[in-house]
Asker: 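Let me give you the structure first, and then I'll get to my questions.
Note that the structure is predicted; figures quoted are calculated from it, not measured. Numbers restart at 1 for each chain; the letters A, B, ... are given by sequence-line order, proteins then strands.
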2 protein chains.
Amino acid sequence: MIDRIYSELRQQIVNRSIPPGAKLSETQLSKKWGVSRTPIREVLRRLESEGLVNSSPHRGFIVNSISIEDVDHIYTIKISLEGLAGRLATPIISKDPQKMKAIQNLIREMETHSKRMDVKAYSKKNLQFHISIWNWCGNPWLTKILNHLSSQLNRFIVSALHVPNRMERSVKEHRKIVEAFRMGDARAVEKALGAHFKRASEDLKNELIKKSE
Amino acid sequence: MIDRIYSELRQQIVNRSIPPGAKLSETQLSKKWGVSRTPIREVLRRLESEGLVNSSPHRGFIVNSISIEDVDHIYTIKISLEGLAGRLATPIISKDPQKMKAIQNLIREMETHSKRMDVKAYSKKNLQFHISIWNWCGNPWLTKILNHLSSQLNRFIVSALHVPNRMERSVKEHRKIVEAFRMGDARAVEKALGAHFKRASEDLKNELIKKSE
DNA sequence: AAGGACGAATTTGTATACACTTGCCTTGAA
DNA sequence: TTCAAGGCAAGTGTATACAAATTCGTCCTT
C-alpha cells in the first residue's frame, strides 16, 4: 500500500499534476488515501531525499521547484551520462539482434510520428528509445541516476519539441545513433548521444528564453 | 533531532562501524537514541532511498551490501563525472588565486604524507582535494551525485593505497591535475582526472583479486 | 484605518497502543 | 533422534492520541 501511494504521488509530482510549490498536507493526503499520517510521512521523507519535495520543520512539505539553472545543471550531467550509457550499451545491443531490432522499430515509429507532426506520440517513443539504452547499459547504478535526472527534467519540460523542425532534426540525430549501434562503434554512439542531448538542451534553453521575453 | 540521528546513523553505515548486512531494528534504535519508533522509521526510509539500507516487508531494515560488481559500476560512473566536475571547475579554480593556492597546499601536504608513508593522513588530504573540486564545479547536482557515489565506495574500500608505490604514483597524478588547473586547460584537467580514477579503480580491483586468492 | 499583539485553530512532531506477520522454540509423534 | 506442527515472543505496520509549533483571524491600540 505504502509503495502504491509513493509511486502514485511521485508520478503526480513528476507529471506536474501536483505543481511545483504546492503544499503537501499530511492530514489532507491521509484523508485522500484513507490511511493514517504515519505511512504518509514515510512516503514524503522518501520523496524528500529524492529531491522532489522539500520540508521545513513544523511547516510541512512542499513540492520542490526547479529553476532554469537547475535544468542547465542537470543537462550538463545528462549529456555526459547518456553518452556513457550508450558507450556501455553498444556491445550489448549490437550483438543482440532482438535488441537491435527493437531499437530500429522504435526509430521507425518515431519517424512516422514525426511526419504526422504528432508531438505527444513522438515524445513517448523518444523516451522509450532512451530508456532502452539505460536499461541495456548493464550498469544499474547508471540506469538509476539517469532515471532520477529524467524525472527532474520532466517536471520542467512542457514541450520543447514545438521548436520548428525539431522532430525532423531529432529523427536524424537518432538515426545517427542507431547507425553507430549497428556498426558496434561505442565511441561513435557516445559522441552521437552527447551531441543529441547537447542540441536538445540548447533547444530547450532557446525555448525558455523566447517564452520569458 | 531527527536530522542528527539521520546523519550519525548514515555516517556509521558509511564508515562501516555498522557493517553491511547488519540488521537495523527499529525498537533497538529507538531505545538507543531515546526516541520513539516513528522518527526512526523516517530516518530508515531516507537511508533506504539513498541506497544505503534495504527493507523487506515485516522483516525490517538491513544495511545494504555492496558487491565487487557494484564497485566496478560505481567507478565507471565516477570516472566520467569526476572528469566532468574537473572540467567545469577549471575556469572557477584557475581564475581564483585563493582556490588555486588551497589546491596547491593540499597537494604539498599529500606529498609530505606520502614521503612519510602515512596512508591515513594521505587519504584524508586526498579526499579533501577531490571534494574541493566537487564543491567548486558550480553544479550542485553534480556535487551531490559525487558525494553519493563516494559514500557508497567508502563502505567498500578499506584501504587500496597499500599497493606498493600507490601513494607516490598518486601524487604524480595529482600534480598533473593541478598543473592543468594552473594552465586553465579544462580538457587536460578532465583527462588527468579520468586517468587518475581509472588507475585508482584498477588498483582497487587488483587488490581485491589478490585478497580473494 | 493601519499595524501589531494576543489567542484559537490547524498542522506538524512524537509517543503510544494495538493488530498482524515472522521466526524461533518447544513439544510430540514417527 | 529427527522432523513437523503449533504456539509464543519479538518486531514491524498502522492508527490514534497528545504535545509543540505555526498560521491565521480578531481585536485593540495608535
Side-chain angles (χ1 to χ4, degrees), chain A residues 1-14 16-66 144 151-152 155, chain B residues 1-67 144 151-152 155:
Chain A
M1 188 62 203
I2 181 171
D3 286 326
R4 197 177 137 68
I5 297 173
Y6 165 74
S7 57
E8 198 137 333
L9 196 58
R10 186 179 189 284
Q11 185 162 16
Q12 286 182 351
I13 293 170
V14 169
R16 298 173 64 91
S17 58
I18 302 176
K23 182 159 170 40
L24 296 167
S25 154
E26 296 175 12
T27 324
Q28 213 171 308
L29 285 170
S30 67
K31 271 180 196 160
K32 181 178 170 184
W33 288 94
V35 294
S36 77
R37 278 174 49 222
T38 316
I40 294 289
R41 282 181 69 85
E42 287 180 22
V43 165
L44 291 171
R45 287 273 179 235
R46 279 167 75 177
L47 292 170
E48 184 186 20
S49 72
E50 267 190 83
L52 289 171
V53 310
N54 280 343
S55 80
S56 25
H58 292 282
R59 289 195 193 174
F61 295 81
I62 60 166
V63 177
N64 199 2
S65 302
I66 184 170
K144 196 183 167 190
S151 302
Q152 290 287 355
R155 299 175 48 220
Chain B
M1 189 61 204
I2 179 171
D3 286 326
R4 196 177 138 67
I5 297 174
Y6 166 74
S7 57
E8 197 135 336
L9 196 58
R10 185 179 188 286
Q11 186 161 15
Q12 286 182 351
I13 292 169
V14 170
N15 71 19
R16 300 174 62 91
S17 58
I18 301 176
K23 181 159 171 39
L24 296 168
S25 154
E26 295 175 12
T27 324
Q28 213 171 310
L29 285 170
S30 68
K31 273 180 196 161
K32 181 178 168 182
W33 288 93
V35 295
S36 77
R37 279 173 48 219
T38 315
I40 295 289
R41 281 179 70 85
E42 287 180 22
V43 165
L44 290 171
R45 286 272 179 234
R46 278 168 77 178
L47 293 170
E48 184 186 21
S49 71
E50 266 190 81
L52 289 172
V53 309
N54 280 343
S55 78
S56 24
H58 291 283
R59 288 193 196 176
F61 296 81
I62 60 166
V63 177
N64 200 0
S65 302
I66 184 171
S67 68
K144 197 183 167 190
S151 302
Q152 290 287 355
R155 299 173 50 221

Asker: Quick one: side chain to side chain contact (heavy atoms under 4.5 Å, CB included) partners of A/Ser7, sequence neighbours excluded?
Answerer: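 Not a single residue meets the side chain to side chain contact (heavy atoms under 4.5 Å, CB included) criterion with A/Ser7.
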Asker: Under 4.0 Å from a heavy atom of chain A: give me the 5'-most and 3'-most nucleotides of DNA chain D that qualify.
Answerer: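 Range of nucleotides touched by chain A: D/dT14 to D/dT23.
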Asker: Who are the side-chain hydrogen bond (donor to acceptor under 3.5 Å, both in side chains) partners of A/Ser56, not counting sequence neighbours?
Answerer: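 Not a single residue meets the side-chain hydrogen bond (donor to acceptor under 3.5 Å, both in side chains) criterion with A/Ser56.
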Asker: With 3.5 Å as the limit, what N/O pairs link the protein to nucleotides 17-24 of chain C?
Answerer:
residue: C/dG23; atom: OP1; partner: B/Arg59; partner atom: NE; Å: 2.9

Asker: May I have the distance from A/Glu26 (atom CD) to C/dG13 (atom C1'), rounded to whole angstrom?
Answerer: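 Between C1' of C/dG13 and CD of A/Glu26: 8 Å.
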Asker: Rounded to the nearest Å, what distance is computed from the NZ atom of residue A/Lys31 to the C1' atom of nucleotide C/dT11?
Answerer: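 One finds 11 Å between C1' of C/dT11 and NZ of A/Lys31, rounded.
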Asker: As an exercise, state the distance from CG of A/Leu47 to CG of A/Asn54, rounded to the nearest 0.5 Å.
Answerer: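 These two atoms lie 11.5 Å from each other.
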Asker: Please determine whether the number of non-hydrogen atoms from other residues, nucleotides or ligands lying under 6.0 Å from atom NZ of B/Lys31 exceeds 12.
Answerer: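 Open: at most 12 neighbouring heavy atoms sit under 6.0 Å from NZ of B/Lys31.
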Asker: In sequence, state the C-alpha distance, the side-chain angles, and the governing distance for A/Ser36 and A/Ser30, and then conclude on side-chain hydrogen bond (donor to acceptor under 3.5 Å, both in side chains).
Answerer: CA-CA 5 Å; A/Ser36 77; A/Ser30 67; over 6 Å; no
Asker: Supply the atom-to-atom distance B/Leu52 CG to B/Leu44 CG, rounded to the nearest 0.5 angstrom.
Answerer: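 One finds 11.0 Å between CG of B/Leu52 and CG of B/Leu44.
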Asker: Restricting to salt bridge (charged side-chain N to carboxylate O under 4.0 Å, His left out), what partner residues turn up for A/Glu50, sequence neighbours left out?
Answerer: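 For A/Glu50, the residues satisfying salt bridge (charged side-chain N to carboxylate O under 4.0 Å, His left out) (neighbours in sequence not counted) are A/Arg10.
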Asker: Under the salt bridge (charged side-chain N to carboxylate O under 4.0 Å, His left out) test, which residues partner A/Glu48, sequence neighbours left out?
Answerer: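 Result, salt bridge (charged side-chain N to carboxylate O under 4.0 Å, His left out) vs A/Glu48: A/Arg45.
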Asker: When you match A/Ser36 and B/Gly60 each to their closest nucleotide on DNA chain D, which lands nearer the 5' end?
Answerer: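 With A/Ser36 and B/Gly60 compared, the 5'-side residue is B/Gly60.
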